[in-house]
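Heads up: numbering here begins at 1 and tracks the sequence. Read the numbers this way: they start at 1 and go in the same order the structure lists the ligands and their atoms.
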Amino acid sequence: MTETELERLANSLTLAEQVSLLAGRDMWHTVAIERAGIPAMRVTDGPTGARGTEFGTGPASINVPCGTSLAATWNPVLVEEVGALLGRETRAKGARVLLAPTVNLHRTPIGGRNFECMSEDPYLTARTAVGYVRGLQSQGVASCIKHFVGNDTEFERMSIDSRIDERTLRETYLVPFEAAVTEAGVMAVMTGYNRINGPWAADSVGLINEVLRGEWGFDGVVMSDWFGMHSTVEAVVAGLDLEMPGPTRFRGQQLVDAIESGDVDAALVRRSAVSLLRLMSRVGALDDGGPGDETTRSLGADVDADVALVRRAGAAGMVLLRNQTVTLPLDTSLIGSIAMIGPNAAIGQIMGGGSAHVVPTSIANPLASMQARVSELGIEVVHARGCNINKRLPELDPSLCGPIEIAFYADPDQLDDAQAIPLLVTESPSAHMIWIDDPTSRDNVDPRFGARLTTTFTPDVSGSWQFSIESVTPTRLLIDGVVQIDNESAPAGGSFFGIGKAESRVSVELDAGVPCPLVVEVRRPRIGLAMSGFNVRAQAPVIGDLLSDAVRVAASADVSIVVVGTNDDWECEGWDRTTLDLPGEQDELIRRVAAASRRTVVVVNAGSPVTMPWLDDVDAVLMAWFPGQQMGESLADVLLGVIEPQGRLPVTFPARLEDTPAFEHYPGRDGVAEYREGRLIGYKWYDTVGREPLFPFGFGLGYTNPVVVGATFGDDRSTVDVTVSNESDRDGVQVVQVYVAPTGPSERRGDEPVQRLVGFARLDMPAGQTVTAPITLDPRATMTWSVEDHAWVAADGRFELRIGTSSRDTPIRLAL
Ligand code: BGC
C-alpha cells in the first residue's frame with residue numbers, strides 16, 4: 001500500500017478502532033478489525049528458531065546456532081543465509097514478525113542472555129545483525145530487533161535503571177540498532193524491560209522519538225517487551241506503537257479517555273496505527289487472511305538444505321583455542337579408540353534457555369555423531385559422563401511415569417474439596433507446564449484456578465531419590481499420599497524467567513520397580529500476570545563414582561574428547577551467572593582425565609566465556625558455543641578436519657571474573673546499574689587498562705594459520721587492501737581484523753579506548769596461495785560523538801590502523 005492508502009485506511013477507523021490496534025489481542029497476535037478488512041498478525045520468538053505460539057510443545061522448529069556462535073563466524077554473508085532460513089521458519093509458523101535478533105552487548109561475561117546476544121563489540125554485532133536482518137526480511141517477514149537499549153543484565157531485569165552516558169550510548173550500545181535501521185531497514189524494534197537514564201525504555205521520548213525515528217528515520221513498529229510497558233500516556237507520547245502482549249493493560253478505554261481529556265494527542269494514536277498498518281502491508285499481512293496454521297515445514301530438499309546450513313554454520317562458529325602438538329584434526333589412521341567424556345557428551349547443549357527456546361526438529365548429539373562417523377573405520381567410541389552439572393535436578397523423566405493427567409478446577413480452594421468437579425481434564429506429555437494463557441479458557445489476563453497433576457512413578461533404581469518443585473504459584477508435591485513439598489514460602493526467583501519460586505527439594509527412599517502415586521497440586525490465585533506454571537524434577541540415586549569411571553575410560557582410549565560446558569540451568573533468560581567457572585566438578589574432571597589420557601581435547605559447549613584453570617594440562621581446546629540442533633555433526637566435521645576451524649572469538653575470554661570491565665559496578669545497587677566503565681567494554685578495557693586476558697578478542701586458530709603479510713590503502717582511504725599468505729599445503733581460512741588507534745600523547749583520555757575494531761574480512765585461503773582482498777572501514781573510524789554538539793564529529797589527533805588476526809596480534813600498521 002502507498003502512504004496515502006495507509007493514511008486513508010487509518011482515517012477510515014474510529015478512534016477506538018485505532019486504539020485497539022495499538023495493543024496485542026493475546027500473547028502472540030495483534031488485533032483484527034474485520035469491518036475494515038484488517039486481519040490479526042502473529043509474531044513469534046526468536047532468535048535461535050521460530051517457535052510459534054507454544055512453549056515446549058507445539059510443532060517443532062529448526063534450531064540455529066546461538067548469537068555468540070553466529071558472531072564467532074565473522075561471516076555476515078553466512079549469517080544472512082541463516083537469517084533467510086529463519087524467515088522460512090517464521091512463515092511456517094504462520095507468523096509475520098520474528099522477535100529477533102538480540103543485539104545487546106556483553107557488558108559482563110556472566111550476563112544470562114549473552115548467548116542470545118552476539119558480542120562485546122558494537123561493530124562486530126552491527127555487521128552480524130545487518131546480515132541476520134537482511135536475510136530474515138528477504139523472506140517477506142519482519143525482524144524485530146531487541147532490546148532497545150541498555151538491557152544488558154538479568155539482575156532486577158524488569159526494573160533496573162541502566163545509567164549510560166551519552167557518548168557511551170552513541171558509540172557503543174546504540175550502534176547495532178542504528179546499523180540495523182539505516183543499513184538493513186529493520187521493520188520493528190522491541191524496547192527493553194529496563195529503565196534507561198531514568199525513564200522506562202518503553203517511555204523514552206529521547207530514544208524512541210528523537211533518536212530512532214527522528215535521527216535514523218525509522219518508520220516501522222516499536223513494540224514493548226512482554227509486560228514491559230508501564231504507562232498510558234508516556235509510552236504513546238514517546239512513540240511506542242504496540243503494547244505487547246494483549247489484552248491491553250494500559251491502552252483500550254484508558255487511552256481513549258486520555259485522548260478525550262486532552263492528555264494525549266489523537267494524532268499520535270493515528271501515527272502509531274499507520275506504523276502498524278505499514279508494517280503489515282510490507283509483510284503482506286493486510287491481505288493474507290490472518291495468521292496461518294503453525295506447522296513444521298514438510299521434509300524436502302529445501303528443509304534438507306536448511307538443516308545442512310545449520311550444520312555448516314554451527315561448525316563455522318567453533319573457535320580453536322589451543323592445539324598443541326597438532327592433536328587436531330584427529331588422524332583416524334592412528335586412532336583405535338576415542339573416549340567421549342563429560343556431562344555434555346551424550347546430550348549436547350544445542351541452545352540456551354528462556355524465550356529463545358524452541359523444540360528442535362531433530363538433534364545430532366556429540367557422542368552419537370562421532371560414533372556414526374568413525375565406527376565404519378573400526379574405531380571404538382566409549383563414553384563416560386564424568387559428573388553432573390545440573391543447578392536444578394533434571395526434569396522428571398516421563399518414561400518412568402504412567403499417563404500424566406491434569407485436572408483444572410475453577411477455584412484453587414476446590415483442590416481441598418473431594419466432591420469438586422473439574423472444569424477440564426487433559427493429558428500432558430510431561431510434568432513441566434508453562435501456562436501463557438488461561439488453560440481453562442475462561443479469562444486469559446490473570447486467571448484464577450486450581451490444577452491437580454496425577455500420575456504413577458515407577459523408579460528404575462532403588463535408593464534415595466531427590467524430587468523438587470519449581471512453580472510460579474504455591475504448589476505441593478505428594479508421593480504415596482504424603483505431602484513431601486509445599487513451596488508456599490519458598491523464596492522468589494530462579495525459575496520461570498525469574499518470576500517463579502526457587503527450587504524446593506526433598507529426598508524420598510524408593511524401591512526399584514514399585515509404582516507409587518505422584519500428585520502435584522497447583523494453587524493459582526490472581527497474581528497480576530498472565531503467565532504461570534510448574535515443573536517437577538527428579539534425580540535418581542547416584543550409583544558408583546562418575547569421576548573414577550571417566551578416568552578409567554580415558555586411560556583405555558587413544559584420545560579423550562571431554563565435552564564440558566553449561567546448560568540452560570546456567571545460561572538462561574531470567575538470571576545471570578554468578579561465576580565464570582565451569583559448573584559442578586568439571587574442572588576436576590578435566591584435570592583427572594588429562595592426567596590419565598594419552599591425548600585430551602576439551603570441547604567447551606557454552607554460550608559465553610568460562611575460565612580454564614586446566615588449560616596447560618590439555619592438548620587442544622575447541623569453543624563450540626550452543627551451535628544449534630546439528631551440534632554433533634558440526635563438531636565431528638571440525639574435529640575430523642572436514643571443515644577448517646574458522647571461528648574467532650567475538651568476546652574476550654578473561655582469566656578471572658575480577659578482571660572484567662563491569663566487575664566493580666556490577667550488578668548495581670538501589671535499582672541502578674551505573675555503566676562507569678563507559679566505552680571500555682570488552683577488549684577495549686583489557687587493552688586500555690593493561691589486563692591480560694586468557695584469550696583475546698578476535699583470536700582463533702586454524703589447522704593452518706595463514707599470515708597477514710601486508711596492507712595498503714585503497715584509492716580513497718575508505719578501504720584497506722590486505723595481503724595474506726598461506727604457505728602450507730592445506731586449504732585454510734583467515735579472519736583479518738583492522739583496529740584504529742589514536743597515536744600521539746600516550747596519557748589516557750578518560751574512557752577513550754586505545755583501539756577499536758573498524759573493519760574485518762574472512763578470507764578463504766587455498767593451499768600455497770597469497771590473496772589480496774579489500775576491507776571496507778567503518779565510515780566512523782576516526783569520528784567520535786560530541787556531547788557538546790550532540791553530533792558525530794571528526795576526532796582530534798592522529799590515528800593508525802593496526803592490522804592482524806586478533807586484538808592482541810596486529811603486526812601491520814598504517815598511519816591514517
Ligand atoms: C523476552 C523477549 C521475548 C518476549 C516474548 C520476553 O521475556 O525478553 O526477548 O521476545 O519475552 O517471549
Q) With only distance considered, is Lys146 within less than 3.5 Å of ligand 1 through an N or O on each side? A) yes
Q | Glu573 N/O under 3.5 Å from ligand 1 N/O | A | yes
**Q.** Atom pair CG (Asn114) and CG (Asp576), whose distance is rounded to the nearest 0.5 Å
**A.** 7.5 Å
Q | Check: Glu294/Thr53 side-chain N/O donor and acceptor closer than 3.5 Å | A | yes
Q. Which ligand 1 atoms are under 4.0 Å away from a heavy-atom of Arg157?
A. 7 (O)
Q: Step through it carefully: locate the ring centre of Phe534, locate the ring centre of Trp435, and say whether they are under 6.0 Å apart.
A: yes
Q. If you measure from each non-hydrogen atom of Tyr193 to ligand 1, which part falls under 4.0 Å: side chain, backbone, both or neither?
A. side chain
Q: State, yes or no, whether a side-chain contact exists between Leu279 and Val97 at a heavy-atom distance under 4.5 Å.
A: yes
Q: May I ask you to list the atoms of ligand 1 that are less than 4.0 angstrom from any heavy atom of Trp28?
A: 5 (C), 12 (O)
Q: Starting from atom 8 (O) of ligand 1, find the nearest protein heavy-atom neighbour and note its residue, name and distance.
A: Asp225 OD2, 2.6 Å
**Q.** ligand 1 contact by Phe227, heavy-atom criterion under 4.0 angstrom
**A.** no
Q: Under 4.0 Å, heavy atoms only, figure out whether ligand 1 is touched by the backbone of Glu116, its side chain, both or neither.
A: neither
**Q.** Inter-residue atom distance Met118.CE - Cys66.SG, 0.5 Å rounding
**A.** 10.0 Å
Q) Quick one: does His147 get within less than 4.0 Å of ligand 1, heavy atoms only? A) yes
Q) Below 4.0 Å from any atom of ligand 1, is there a heavy atom belonging to Met27? A) no
Q | Atom indices of ligand 1 within 4.0 angstrom of Leu99 heavy atoms, with elements | A | 10 (O)
(Q) Using 30° and 60° as the class boundaries, would you call the ring planes of His432 and Phe496 parallel, tilted or perpendicular? (A) perpendicular
Q: Assess the side chains of Thr248 and Glu243: does a donor N or O sit below 3.5 Å from an acceptor N or O?
A: yes
Q. Hey, is the main chain of Pro245 close enough, under 3.5 Å, to the side chain of Asp26 for a donor-acceptor pair?
A. no
Q: Give a yes/no verdict on whether any heavy atom in Met531 is under 4.0 Å from an atom of ligand 1.
A: no
Q | Sub-4.0 Å atoms of ligand 1 with respect to non-hydrogen atoms of Arg113 | A | 1 (C), 2 (C), 8 (O), 9 (O)
Q. Hey, do the aromatic rings of Phe497 and Trp226 have their centres closer than 6.0 Å?
A. no
**Q.** Subset of ligand 1 atoms that lie under 4.0 Å from at least one heavy atom of Met190
**A.** 10 (O)
(Q) Counting non-hydrogen protein atoms only, what is the nearest one to atom 12 (O) of ligand 1? Give residue, atom name and distance. (A) Asp45 OD2, 2.5 Å
Q) Is it the case that Gln349 and Thr566 place a side-chain donor and acceptor less than 3.5 Å from each other? A) no
